[in-house]
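Following: one structure in structure tokens, then a few remarks.
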2 protein chains.
Amino acid sequence: MSKSLKPEETEPSGAEFLPGLAVDTVIFGFHDNQLKILLLEYRNTGLLALPGGFIKNTENLNDAARRVLAERTGLQDIYLEQFHVFGDLTRHDPTPLRAIMQAKGLQPDDDHWLLGRFVSVGYYALVDFTKAIPIPDELSDSCGWYDLAALPPLMQDHTDIVRKALATLQADLDRKLIGFNLLSETFTMADLQCLYETILGQTLHRSGFQRKILGLGIVERLEKQYSGGAHKAPYLYRFISNK
Amino acid sequence: MSKSLKPEETEPSGAEFLPGLAVDTVIFGFHDNQLKILLLEYRNTGLLALPGGFIKNTENLNDAARRVLAERTGLQDIYLEQFHVFGDLTRHDPTPLRAIMQAKGLQPDDDHWLLGRFVSVGYYALVDFTKAIPIPDELSDSCGWYDLAALPPLMQDHTDIVRKALATLQADLDRKLIGFNLLSETFTMADLQCLYETILGQTLHRSGFQRKILGLGIVERLEKQYSGGAHKAPYLYRFISNK
DNA sequence: TATTATTGTAACAATTTGATACAATAATAA
DNA sequence: TTATTATTGTATCAAATTGTTACAATAATA
């Protein structure tokens with residue numbers, strides 16, 4: 001849980017936010033045939049966390065998640081979906097957050113609003129890796145992409161959150177045709193198949209995959225992509241939004 | 001939003017609960033070939049609402065939903081699932097709740113904790129209609145089953161909540177094999193097919209349906225059910241939990 | 001110009017699903 | 001007792017989908 005804290009927001013009240021409620025976002029990207037997620041790192045503590053934030057009193061819950069996403073990636077109009085609410089008592093662990101605040105030179109009281117119990121609404125986002133620009137928040141000193149396949153330990157219950165986000169993404173992939181959000185605007189059939197295989201964690205038959213995708217009528221074929229190697233050049237495709 | 005209010009909980013603080021956070025439950029039942037949901041009705045106001053409640057400071061979020069479900073139906077160990085969080089500003093409308101409290105002889109201040117903005121976590125439950133005993137809460141005077149197909153207007157955004165719950169149930173039905181939770185322990189193939197058709201809102205082919213269900217290996221065939229009319233008696237089946 | 005690896009698609013098999021048909025059979029009525 | 005009736009369980013075949021293999025058509029390189 002790493003939250004945006006402007007100076008005036010570090011006061012104990014947190015009065016401009018809904019109390020005890022947070023959003024955490026699992027931001028997926030795809031690069032070098034690997035699924036990645038965006039993580040924040042805190043100086044001196046070595047702690048890694050999902051981008052998160054609080055909900056303003058004057059803000060819709062979903063808009064808070066969009067704001068967090070925009071603040072960490074610079075991106076608007078991104079595929080973003082609620083997937084689960086994490087509300088167990090066991091997730092309350094003020095130790096790492098206190099360490100982060102102390103590393104920042106703060107000396108929070110035990111009843112500081114940031115150290116209390118939080119219920120967190122989990123969102124996952126699918127972004128074009130080439131367009132997102134990772135931006136740290138006020139408490140963290142770096143923000144970057146990490147391979148999902150080799151994820152380091154995360155703060156609090158964030159590993160559970162990531163696991164649940166991936167499970168939801170896997171279940172949603174065919175039902176909602178959302179994979180395209182992870183690719184740049186044009187892509188080859190091999191790119192798309194690799195994406196599907198990586199998300200689902202299984203190999204797919206090339207012929208059947210191509211037949212299925214083309215049969216859905218949701219991509220249009222563009223020019224060929226040359227300079228791909230000593231072989232026939234693949235076509236590029238573009239996703240056609242169903243509107 | 002109808003919440004359990006014991007006398008000492010009507011005090012303005014609501015201090016034993018997480019502030020600004022609620023759960024609302026869409027409790028599905030199936031009877032007379034109709035999908036039903038459980039609703040609370042408030043005296044003098046004519047308002048109908050989903051069963052809901054608050055999360056104790058010492059309680060897991062999911063346990064709060066289980067508690068609400070148990071308090072309204074008397075049932076434990078019920079299929080219960082989070083499906084969406086409702087957090088828009090537009091859902092904040094203190095008028096109906098004030099009317100309910102006034103009908104109860106209360107005169108709440110404008111800043112009474114019950115009249116503030118709430119983010120609500122939506123759950124849906126699937127119960128055996130024959131086993132649930134609807135029990136009103138402290139603010140309501142009746143609790144009963146209503147046909148989903150002819151739902152009267154509900155308080156606040158509860159109609160949206162019901163619509164989203166149904167959409168989730170429809171999407172989950174085949175993927176998770178959860179329909180059995182709505183039937184009594186034994187049922188005929190016709191019962192099960194009618195349930196599926198009612199939830200999905202479409203007719204299914206009898207032969208294919210039977211073949212599919214039997215092919216899944218998740219039901220065991222019991223004795224025949226006689227006295228069903230002037231025709232061949234159907235078998236009864238029982239769901240085999242996959243453990 | 002030959003070689004190489006990959007692509008697009010055809011072709012066929014295997015499987016699943018859709019639709020129809022029909023014998024079996026409980027309850028009711030004749 | 002016997003015929004009638006509606007429903008059930010399953011078989012059968014057609015249609016659609018999916019799994020698998022095969023192969024000609026290339027771009028780049030040697």
Side-chain angles (χ1 to χ4, degrees), chain A residues 30 32-33 170-171 173-177 179-180 183-240, chain B residues 30 32-33 170-171 173-177 179-180 183-240:
Chain A
F30 188 67
D32 283 342
N33 295 346
Q170 289 172 337
L173 187 60
D174 281 301
R175 216 152 36 81
K176 296 182 182 168
L177 298 173
F180 305 98
L183 298 174
S184 46
E185 189 170 346
T186 64
F187 47 87
T188 66
M189 200 54 75
D191 292 335
L192 187 59
Q193 184 177 345
C194 179
L195 172 65
Y196 268 67
E197 290 180 341
T198 305
I199 293 176
L200 299 175
Q202 61 179 9
T203 60
L204 303 171
H205 289 278
R206 187 176 62 88
S207 176
F209 183 79
Q210 171 134 340
R211 182 174 50 194
K212 196 188 85 177
I213 297 294
L214 293 181
L216 291 172
I218 53 168
V219 292
E220 65 173 330
R221 180 174 285 178
L222 308 172
E223 74 279 9
K224 288 188 170 189
Q225 181 190 60
Y226 293 94
S227 293
H231 50 74
K232 190 174 177 180
Y235 287 102
L236 287 173
Y237 294 89
R238 172 165 40 212
F239 177 63
I240 307 168
Chain B
F30 187 67
D32 284 341
N33 296 346
Q170 288 172 337
L173 188 60
D174 280 301
R175 217 151 37 82
K176 296 184 182 167
L177 297 172
F180 304 98
L183 298 175
S184 45
E185 189 171 344
T186 64
F187 48 86
T188 67
M189 200 56 74
D191 292 336
L192 187 60
Q193 184 178 345
C194 178
L195 172 65
Y196 268 67
E197 290 180 341
T198 305
I199 292 176
L200 299 175
Q202 61 178 9
T203 60
L204 303 170
H205 289 279
R206 187 176 63 87
S207 175
F209 182 80
Q210 171 133 342
R211 181 174 50 192
K212 195 187 83 176
I213 297 293
L214 293 181
L216 291 172
I218 52 167
V219 292
E220 66 174 329
R221 181 174 283 179
L222 308 172
E223 74 279 10
K224 287 188 169 190
Q225 181 189 61
Y226 293 95
S227 293
H231 51 73
K232 189 174 178 179
Y235 287 103
L236 287 173
Y237 295 88
R238 173 167 40 210
F239 176 64
I240 307 169

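First the proteins, then the strands, lettered A, B, ... as listed; each starts at 1.
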Atom NE2 of A:His205 to atom C1' of D:dT21: distance rounded to whole Å?
11 Å

Considering residues, nucleotides and ligands other than B:Gln170, do more than 12 of their heavy atoms fall under 6.0 Å from its CD?
yes

With respect to the side chain of A:Lys232, which nucleotide from C:dT9, D:dG9, D:dA25 is positioned closest?
D:dA25

Just say parallel, tilted or perpendicular for the rings of B:Phe180 and B:Phe187, cut-offs at 30° and 60°.
tilted

Using only atom types and a distance under 3.5 Å, with no angle test, would you say the side chain of B:Glu220 pairs donor to acceptor with the backbone of B:Arg238?
no

Between D:dT21 atom P and A:Phe209 atom CZ, what is the distance in whole Å?
19 Å

Here the pair of heavy atoms bringing B:Met189 nearest to B:Gln210 is CG-OE1, 3.2 Å

On DNA chain D, compare the nucleotides closest to B:Leu236 and A:Lys224; which residue's is nearer the 5' end?
B:Leu236

May I have the distance from B:His231 (atom NE2) to C:dA23 (atom C1'), rounded to whole angstrom?
17 Å

Sugar-phosphate, base or nothing in reach of B:Lys212, heavy atoms under 4.0 Å:
nothing

Once you round it to whole Å, what is the distance between C1' of D:dG9 and CD of B:Gln225?
15 Å

May I ask you to verify whether the side chain of A:Arg211 and the base of C:dG8 hold a donor-acceptor pair under 3.5 Å?
no

A:Tyr226 OH - C:dT7 P separation (whole Å)
14 Å

Of all heavy-atom pairs linking B:Asn33 and B:Thr198, the shortest is O-OG1, 3.8 Å

Do A:Arg221 and C:dG8 have a side chain to base donor-acceptor pair shorter than 3.5 Å?
no

To the nearest 0.5 Å, atom CD1 of B:Ile213 lies from atom OH of B:Tyr237 at 10.5 Å

Where each pair must be Watson-Crick or G-U wobble with both distances under 3.5 Å, what dot-bracket representation of DNA chain D is obtained, with crossing pairs in [ ] and other-strand partners as |?
||||||||||||||||||||||||||||||

Side chain of B:Tyr235 (C-beta onward), nearest among D:dA27, D:dG9, C:dG8:
D:dG9

Could you give the CD-to-P distance, from A:Gln210 to C:dA10, as a whole number of Å?
11 Å

A:Tyr196 and A:Leu177: which non-hydrogen atoms are nearest, and at how many Å?
OH-CD2, 4.3 Å

Could you give me the CA-CA distance, side-chain angles and deciding distance for B:Thr188 and B:Leu236, then say whether side-chain contact (heavy atoms from CB on, under 4.5 Å) is met?
CA-CA 5 Å; B:Thr188 67; B:Leu236 287 173; 3.8 Å; yes

Spell out yes or no: do the side chain of A:Ser207 and the base of C:dA10 have one donor N/O and one acceptor N/O closer than 3.5 Å?
yes

Which residues, if any, of residues 187-194 of chain A bring a heavy atom under 4.0 Å of DNA chain C?
A:Ala190

How many Å lie between CG on A:Asp174 and C1' on D:dT18, as a whole number?
13 Å

Considering non-hydrogen atoms only, spot the tightest contact between A:Ala171 and B:Arg175 and give its length.
CB-NH1, 4.0 Å

Working note: A:Lys212 + A:Asp174, criterion side-chain contact (heavy atoms from CB on, under 4.5 Å); need CA distance, chi angles, decisive distance, verdict.
CA-CA 11 Å; A:Lys212 196 188 85 177; A:Asp174 281 301; 3.0 Å; yes

Kindly say whether, by distance alone, the side chain of A:Arg206 makes a donor-acceptor pair under 3.5 Å with the base of C:dG8?
yes

Could you tell me how far apart A:Leu214 (CG) and D:dT18 (P) are, to the nearest whole angstrom?
14 Å

